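Because the structure is predicted, anything quoted here is derived from the model rather than measured.
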Amino acid sequence: MERARERSAGQREQRPAGPYADLSGESPETELELLVHGVGGTTPEKMLGDPRTVRVTGDDTAAVFRRAEDAERAPDGSGTGGEAGAERGRERRSGPVREAYVWCNLTSGDGSRALWLLLLPFMVVNLAHWMRPAAPGRPRVVRLYGLLVRLSALTLTVLLVAAACEVALDLVAWQCAGVQACVRRHSWLDFLSPAAGGWWSAPGRRLALAATLPVTLTGLLWYLSHRTWRAYESHRPLSSTPVATDDERGSADEERGPADEERGPAGGGAEPGGDDAGPVVHGSALARPGFWYGRRLVARLRAAHTAAGLLTVAAAVTTPAARFDHRPGGPAVLDVLGLGLAAALLLCGAAVVVVVCRRGRSEWRLDQRLDRHLVRRLPLAALALLLLGLVYAGWSRPGWQSTGRLPGDPSFGALMLAQGLLVVALATVAGYLHRRRPDPRAGMRGLGGPAVALLACALGGVISGGVAQRVADWLDGTRALLTGPPVLLTWQASVIPPLLAVLLLLVAGLALHTARLARTERDRVRHEHPGEPEDPARTRAIAHARAMATLTDRAPLVVAVLTATTLVLGSVALAGALATRKTPDGAAHRTHHLVQAVAETSQALGSWLVGVGFLLFVTWGRRAYKDASARRTIGILWDVGTFWPRAAHPFAPPCYAERAVPDLTWRMATWTRRTGGRLVLSGHSQGSVLAAAAAWQLPPSVRGRVALLTYGSPLERLYGRWFPAHFGPPALAALHHDIDCWRNLYRRTDPIGGPVRVPDETSPDVDHEPLRDPLAYGRTPDHPLPAPILGHSDYQTDPAFTRERARLLTRLHPELPGQRPELPE
């Protein structure tokens, strides 16, 4: 630490003149508070408590703001007011200079962000990658865990594209266009009807034309991923070591698997050669230089998933034609071409699986290399096979007619079975990792990742089945003209009502538990305010707020019940579809009348619920496109779900932290090195998670001048329990070791924030005692009007906030530049 302070002092002495030099004769800034807001976003005016704010650095997406008076005296070249502005700033400001980092536009910007609703299953499965238990010394098991999650993510891409093929190829082009009565109901299909005798009336050509929809969907997913990849993953984090060029790397840039995520109890340290050479032990991978730089991994996965989508369309187009050619007496040449094309598709599919299995990312340095040949050639190879498949399917085949449905049942059944097996294997691996180092605070005893992966697969299945059911009803409302979608999709929709029934029972149980807890809290509230007049309504309101705040701690129970119910009902749906090959009402046709009634009701109600859910989904997305407030609501969902890099699914919404964390670290490092002052990094809610991630990325020479103030923080309550490998007790203890000046504020009425529980006998505790909420029970001279119950908001209005911030600044090393002599006038 002494060496770090000497280096810092040397940097202050050698501070160059220029735009960052202090030429006004005023003393440089010595104290700064950098505010980071939480979910939902806010404005810099609200954060700084001043209607006049100025952007001092950044762009329209994410930026740092100051009060106009403070910006005029900024030491970093952004000020323009000179000595008069500095004098006004001193008159109006007490405490440190305050800056606000506003990052809400990273998740709730323009209307196009509403399209991210389509990517919800991908975001959920990507979370499962980061929810593994901590496992020091088990790199191979960690590698297996990441492999299983990435394979589950790949099945979701195939499932989504397969659902689009089911709608466009099977329901529209194969079934409806092949039935004259359906064509009469939808005149826009006249040119595809066999009765018209046109060039497009051949079944293979109808399939080739309908393939435009799933191909367009795959292209849209590729475009969204590529555009956000250039905007998010391409921001370089702060690094003390120079980044080598592609020619300089050579063999040092070999492929690394997910074992990079865990190498013993140490998470990594600064690489030699920079100002902070020497090993530094960390408890979280978030401290590694390349953790927030995943451009290489996302590019590889994007190429693989794009190729998988194109191969899925190619298989859907060529399989019916190949089955027709392979019949006895079929054309030998086309039969051979079909077999060769099928073999090529399998070979390319195997290449996709190999690419997904090989993670190809290094977190121990800024990995600038891109696998350009793989990124370009793999999707192009899949596209070439798709074009060959379209030509093959469109070849003239006299006597070929479209009857029944395309072979969708085996395909969807195989996908659902593969997803179930992957989730079971993932649960086995996660259970093993948790047993190696048990964490009693971990959600679901380390099984949170497999549970979330299963919910992602179920969500993808519901969306796929819902779209197919709605299109089938639209094409043939009577269900008398068309065979309809695969029976497995109907079974999946039919299990929704019993799932909702279980959830309603669970909600009722939680409501009763909360009511009992509220009654208990009333006695505590009365004892906390002795001597004050009793106000029953006020007591009930405070007790109710505290009881409702505890529902967050019941989330593991909700997820466990939901996961177990989904697994059981999904297994029943798969077994019923494969065993009977009929819809639920058809399978129960000759059973007891009660069973028939339950089956018919579940099928009808499930179809109706899927339809209503799909309409609400579309309506919500459309409203979010036009309404800024609705976009902010969607942005809250992404604030929580897209904090983590896209390590499992490249089509998930982008990771905003890959932009926000470098922004914060660059700002803190440049300010402390130019001024030599003390800085308080102040994070609220999700902003406290960003603040912790940025603090981990700081070099030791900067950490000595940075204190961490968190309030309403989910670091332990949510992230520590659901992401134990990265925010578990060892990780938070390591953060406390690295940032020894850390204070955390929370309230009992806060449903999100809570204590971080990092005891340390050698330094003050991190957690402040629970803040009073409300600040006054009744009317007092200081609070003549009833004080509100704040819960998760307005922590800065509490007197403890200002007091703890001042104490943090005092605890920082007081080596500051002295007062400069005033220049003679």
Side-chain angles (χ1 to χ4, degrees), residues 116 118-132 142-164 217-218 221-222 224-226 228-229 233 257-258 261 294 296-312 349-361 375 378-379 382 412 414-427 429-430 448-464 563 566 638 641-655 723:
W116 290 2
L118 300 173
L119 313 179
L120 185 59
F122 304 154
M123 180 191 75
V124 176
V125 77
N126 190 71
L127 285 177
H129 175 87
W130 303 104
M131 296 176 72
R132 66 168 177 82
V142 171
R143 183 183 300 115
L144 178 60
Y145 182 95
L147 169 63
L148 293 173
V149 176
R150 290 195 301 277
L151 289 178
S152 300
L154 183 64
T155 63
L156 278 177
T157 298
V158 175
L159 176 62
L160 180 65
V161 178
L217 175 63
T218 304
L221 293 175
W222 175 90
L224 291 175
S225 178
H226 185 268
T228 55
W229 173 76
E233 276 88 2
E261 297 183 10
R296 181 185 182 190
L297 172 62
V298 176
R300 287 172 58 90
L301 290 179
R302 182 177 67 245
H305 282 247
T306 302
L310 296 176
L311 292 176
T312 302
V352 168
V353 173
V354 170
V355 171
V356 171
C357 291
R358 295 178 63 84
R359 184 167 183 245
R361 179 190 182 190
V375 169
L378 187 59
F412 285 101
L415 270 177
M416 189 174 180
L417 181 61
Q419 289 176 342
L421 294 176
L422 287 172
V423 169
V424 171
L426 188 65
V429 174
V452 168
L454 177 62
L455 294 180
C457 295
L459 184 60
V462 169
I463 293 177
S464 303
T563 302
T566 301
W638 305 137
T642 60
F643 169 78
W644 298 98
R646 294 186 280 193
H649 207 301
F651 296 156
C655 167
F723 306 96

### Query
Are the side chain of S464 and the backbone of A163 linked by a donor-acceptor contact shorter than 3.5 Å?
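Absent.
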### Message
Can a donor-acceptor pair be found, under 3.5 Å and without considering hydrogens, that links the side chain of T306 to the backbone of A303?
### Response
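No, the answer is negative, given that no donor and acceptor are paired below the 3.5 Å cut-off.
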Considering non-hydrogen atoms only, spot the tightest contact between [X] and [Y] and give its length.
{"X": "N126", "Y": "A652", "result": "CB-CB, 4.4 Å"}
{"X": "L127", "Y": "G641", "result": "CD2-O, 3.5 Å"}
{"X": "V124", "Y": "A456", "result": "CG1-CB, 3.7 Å"}
{"X": "A153", "Y": "A648", "result": "CB-O, 3.4 Å"}
{"X": "L378", "Y": "A304", "result": "CD2-CA, 3.9 Å"}
{"X": "T642", "Y": "P653", "result": "CG2-CB, 3.5 Å"}

### Task
Go through the structure and list residues passing side chain to side chain donor-acceptor pair (under 3.5 Å) with T218, not counting sequence neighbours.
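With neighbours one apart ignored, the set is empty.
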### Task
Just jot down the side chain to side chain donor-acceptor pair (under 3.5 Å) partners of T566, sequence neighbours excluded, or say none.
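For T566, no residue satisfies side chain to side chain donor-acceptor pair (under 3.5 Å) once neighbours in sequence are set aside.
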Can you find a pair of side-chain heavy atoms, one from [X] and one from [Y], that are under 4.5 Å apart?
{"X": "L221", "Y": "S225", "result": "no"}
{"X": "R150", "Y": "L147", "result": "yes"}
{"X": "P121", "Y": "F651", "result": "no"}
{"X": "H129", "Y": "H649", "result": "no"}
{"X": "L160", "Y": "F122", "result": "yes"}
{"X": "R132", "Y": "V149", "result": "no"}

### Partners meeting side chain to side chain contact (heavy atoms under 4.5 Å, CB included) with W229 (sequence neighbours left out)
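Side chain to side chain contact (heavy atoms under 4.5 Å, CB included) check on W229 returns H226, E233, R295, V298, A299, R302, L370, R646.
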Rounded to the nearest 0.5 Å, how far does [atom2] of [Y] lie from [atom1] of [X]?
{"X": "L144", "Y": "L426", "atom1": "CG", "atom2": "CG", "answer": "8.5 Å"}
{"X": "T157", "Y": "L217", "atom1": "OG1", "atom2": "CG", "answer": "10.0 Å"}
{"X": "L119", "Y": "L156", "atom1": "CG", "atom2": "CG", "answer": "11.5 Å"}
{"X": "C457", "Y": "L422", "atom1": "SG", "atom2": "CG", "answer": "7.5 Å"}

#### Entry: W644/F723 aromatic ring centres below 6.0 Å
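Under 6.0 Å, so yes.
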### Query
For the side-chain contact (heavy atoms from CB on, under 4.5 Å) test, which of L159, V125, V424, L151 pairs with Q419?
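Of the listed residues L159, V125, V424, L151, the side-chain contact (heavy atoms from CB on, under 4.5 Å) partner of Q419 is L159.
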